[in-house]
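This report refers to the structure that appears directly beneath it.
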Amino acid sequence: GGFSKHGYPGVCVVEGNLTNVLEFVRQVQRLRWKHMVVRGEQVEHCNSIEMCASNAIDIARKLPRSFIEIDSMSDASNICFQCGLQELFGTVMKRN
């Protein structure tokens, strides 16, 4: 799940199994964009074997399950704030 906003500045926020998210990032980084940087990440760990079951992601999910394209950074900010990801979103606009 997650969302993306293309253009400059752009943002892509994804959520899912760590292996799948890392593969998604790897594939996106291979695209011939002028500049793409991972500026923030948040990893949630399983607390028990039951929590690590296949439905654990759905239980811990903060973003909607679907992946949508949005039109503005304001929309991105609103989604993150509504989902309790305001600190993570704050890393998007910081320059290294």
Side-chain angles (χ1 to χ4, degrees):
F3 62 86
S4 67
K5 185 252 178 229
H6 68 280
Y8 183 83
V11 64
C12 184
V13 177
V14 295
E15 177 179 61
N17 175 286
L18 182 59
T19 303
N20 296 343
V21 170
L22 292 175
E23 177 62 17
F24 176 85
V25 170
R26 187 185 70 75
Q27 288 184 21
V28 169
Q29 286 177 327
R30 292 179 63 182
L31 298 174
R32 296 188 179 267
W33 293 345
K34 288 187 177 184
H35 188 67
M36 195 279 202
V37 174
V38 174
R39 296 209 177 181
E41 58 184 51
Q42 182 174 321
V43 178
E44 301 288 333
H45 297 281
C46 299
N47 296 327
S48 67
I49 293 174
E50 295 84 28
M51 186 65 180
C52 292
S54 61
N55 66 344
I57 293 170
D58 290 330
I59 294 169
R61 187 174 298 282
K62 294 184 181 197
L63 296 168
R65 186 176 175 91
S66 61
F67 193 87
I68 60 171
E69 185 153 335
I70 58 174
D71 296 322
S72 70
M73 290 302 279
S74 177
D75 291 343
S77 174
N78 289 337
I79 291 169
C80 287
F81 275 75
Q82 290 170 3
C83 296
L85 299 172
Q86 55 270 27
E87 278 187 46
L88 181 62
F89 184 76
T91 64
V92 169
M93 300 310 289
K94 292 182 182 176
R95 294 190 185 267
N96 294 336

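The shortest distance between side-chain heavy atoms of Val11 and Val13 falls below 4.5 Å.
Across Ile79 and Phe3, no two heavy atoms sit closer than the pair CG2-CE2, 3.6 Å. Across every non-hydrogen atom of Leu88 and Gly40, the tightest pair is CD1-C, 3.7 Å. Shortest non-hydrogen contact noted between Phe67 and Val14 is CE1-CG1, 3.5 Å.
Between the CD atom of Gln86 and the CG atom of Asn78 there is a distance of 11.5 Å, given to the nearest 0.5 Å. For the atom pair SG of Cys80 and CE of Met73, the computed distance is 9.0 Å after rounding to the nearest 0.5 Å. From Ser77, atom OG reaches atom CD of Gln82 across 9.5 Å, with rounding to the nearest 0.5 Å. Note that the CD atom of Glu15 and the SG atom of Cys83 stand 8.0 Å from one another [nearest 0.5 Å].
The side-chain hydrogen bond (donor to acceptor under 3.5 Å, both in side chains) search around Gln27 returns Glu23, not counting sequence neighbours.
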Step-by-step side-chain contact (heavy atoms from CB on, under 4.5 Å) determination, Val21 to Thr19: CA-CA 6 Å; Val21 170; Thr19 303; over 6 Å; no

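The environment of Glu41 atom CD is sparse: at most 12 non-hydrogen atoms of other residues, nucleotides or ligands sit within 6.0 angstrom. Few gaps surround CZ on Arg26; more than 12 heavy atoms of other groups in view lie less than 6.0 Å from it.
The list of salt bridge (Lys or Arg N to Asp or Glu O under 4.0 Å) pairs with a residue in residues 68-84, not counting sequence neighbours, is empty.
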